[in-house]
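The block underneath contains the structure these notes are about, expressed in structure tokens.
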There are 2 protein chains.
Amino acid sequence: MDNKDFFHKFVAFLTAVHQVTHEVTKDVKSDDLTPVQYSILEYIAVSQPVTLSQISDCQHMSMPNTSREIKKLSEKNLCEKFAVAEDRRKQYVRLSTEGEAMMNDAFTRIEARFMHRLKDASQEELEEIERALDVLHTKLFYSGKS
Amino acid sequence: MDNKDFFHKFVAFLTAVHQVTHEVTKDVKSDDLTPVQYSILEYIAVSQPVTLSQISDCQHMSMPNTSREIKKLSEKNLCEKFAVAEDRRKQYVRLSTEGEAMMNDAFTRIEARFMHRLKDASQEELEEIERALDVLHTKLFYSGKS
DNA sequence: CGATTTGCTTATCAAATGATAAGTAAAGAG
DNA sequence: CTCTTTACTTATCATTTGATAAGCAAATCG
């Protein structure tokens, strides 16, 4: 298999992943969240506590816009800021109790859809899938550097 | 490994894929295209010819908005509509010569970044990656039905 | 110490996006 | 031959998003 075919397979795979991501997360977010706000909450849920700068970097948005969205989310009582002991310029953000509840609910529904996709897989297939996830994560979808 | 760990691995993988997708496609689009317009062009490039309805479905946007964006892309001479012989209500869309050139250029740059990620992989690792792509594509990131 | 940099905020603006209403023409159904 | 449905268009509007300017306080540098 030459580079061109390999690349084509890669593109088809990315398309499939994005498609499935959409299916699996469709309608899980509350209606009074914008897509950007939901995405930020997902990031906080997985990585908390995070600073505003980290959100800005990882969500590819400017600091002013990040600040604005976090402010809105705080006003909706979904997250809260608190001081970083070592550096008083920084602010950590974490989910509020209400935010945790909302995100737990969202992840539960996503997990159910994910499991539904695997419902016909045998034990060996599940192990095969797990190994494949590891291989791609470490060898192709690794992050940063190099 | 229980369901919870498996799901966690899945989420981490999705995050990594989206992150790498972003890195690999960063700045490939011309500045006078909006993100939505570039995304439509990518879809057309891979699937042409496509009808407006197909674009609407796959890009998850309403027909009126699809029509508007295709009109803008046509005015920029990046794609063109033509009649479908069997059904005169439908319109096919394909890239124009200029659109093809632009997308070839974009894909070439994406491919270079993709290959760069694999530059240290041995032949066996490449084969392993390819098998992993196949496994996940067919068993986890398959589309539709069920 | 003073100067610069970092982390964040507020304010403002323009552009992109999403949603809806209303209309046309062709195709298909009864 | 009507009636309905499908495919698309145009117009309009509210909201979201992205970008920029200006400012402040804490940290760091020389």
Side-chain angles (χ1 to χ4, degrees), chain A residues 18 21-22 25-44 47-76 78-94, chain B residues 18 21-22 25-44 47-76 78-94:
Chain A
H18 286 266
T21 301
H22 179 265
T25 57
K26 188 160 65 173
D27 301 327
V28 296
K29 75 168 194 49
S30 144
D31 281 342
D32 66 62
L33 288 179
T34 69
V36 167
Q37 286 168 1
Y38 175 77
S39 172
I40 292 173
L41 286 181
E42 264 194 349
Y43 175 64
I44 298 173
S47 312
Q48 62 188 332
V50 288
T51 65
L52 279 276
S53 299
Q54 287 176 297
I55 297 171
S56 171
D57 286 348
C58 295
Q59 300 287 120
H60 315 110
M61 54 194 293
S62 67
M63 274 297 292
N65 293 334
T66 304
S67 181
R68 175 185 61 199
E69 296 309 321
I70 292 297
K71 188 179 179 189
K72 288 182 188 168
L73 288 170
S74 298
E75 283 161 359
K76 293 178 188 190
L78 295 171
C79 70
E80 50 202 23
K81 293 184 242 185
F82 62 101
V84 175
E86 316 82 57
D87 188 336
R88 290 194 305 167
R89 289 170 304 182
K90 296 185 181 177
Q91 295 268 115
Y92 273 141
V93 183
R94 73 180 154 220
Chain B
H18 287 266
T21 301
H22 179 264
T25 57
K26 188 162 65 176
D27 300 327
V28 296
K29 74 167 195 54
S30 146
D31 281 343
D32 66 63
L33 287 179
T34 69
V36 167
Q37 285 167 2
Y38 174 76
S39 171
I40 291 173
L41 286 180
E42 265 194 348
Y43 174 65
I44 298 173
S47 313
Q48 62 186 330
V50 287
T51 64
L52 280 276
S53 299
Q54 287 177 297
I55 297 171
S56 171
D57 285 349
C58 295
Q59 300 288 303
H60 315 109
M61 53 195 290
S62 68
M63 274 295 292
N65 293 335
T66 304
S67 181
R68 174 183 64 200
E69 296 309 320
I70 291 297
K71 188 179 178 187
K72 288 182 188 167
L73 289 170
S74 298
E75 282 161 359
K76 292 180 189 191
L78 295 172
C79 68
E80 51 202 21
K81 293 185 240 182
F82 62 102
V84 175
E86 317 81 58
D87 188 335
R88 291 194 304 167
R89 288 170 305 181
K90 295 185 182 176
Q91 295 269 113
Y92 271 141
V93 183
R94 73 179 155 220

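Residue numbering restarts at 1 for every chain, and letters A, B, ... go by the order of the sequence lines.
Donor-acceptor pairing under 3.5 Å is recorded for the side chains of Q59(B) and S39(B).
With V50(A) as the partner, the side-chain contact (heavy atoms from CB on, under 4.5 Å) test is satisfied by one option alone out of D57(A), I55(A), I40(A): I55(A).
OP1 and OP2 of dT17(C) both lie 4.0 Å or more from every side-chain N or O belonging to K72(B).
Side-chain proximity of Q91(A) to the nucleotides dT10(C), dA19(C), dC8(C) is greatest for dC8(C).
Here chain A contacts DNA chain D (any atom closer than 4.0 Å to a heavy atom, that is under 4.0 Å), and the contacts span dT16(D) to dA27(D) from 5' to 3'.
I70(A) places its CD1 atom 16 Å from the P atom of dG7(C), with the value rounded to the nearest Å. Atom pair K81(B):NZ and dA25(C):C1' shows a separation of 15 Å (rounding to whole Å applied).
Relative ring orientation between Y92(B) and F82(B) is described as tilted, the plane-to-plane angle lying within the 30° to 60° band.
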Worksheet entry | Worked check of salt bridge (Lys or Arg N to Asp or Glu O under 4.0 Å) between K72(A) and E75(A) | CA-CA 5 Å; K72(A) 288 182 188 168; E75(A) 283 161 359; over 6 Å; no
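The stretch residues 83-90 of chain A touches DNA chain D through D87(A), R88(A), R89(A), each having a heavy atom under 4.0 angstrom from the strand.
The backbone N or O of Q91(A) lies less than 3.5 Å from no partner atom in the side chain of T51(A), so there is not a single donor-acceptor pair.
Heavy atoms of T51(B) sit under 4.0 angstrom from primed sugar atoms or phosphate atoms, though from no base atom.
A residue-by-residue look at S62(A) and P35(A) shows that P35(A) has its nearest nucleotide of DNA chain D further toward the 5' end.
Residues that satisfy the side chain to side chain donor-acceptor pair (under 3.5 Å) test with R88(A), not counting sequence neighbours, are absent from this structure.
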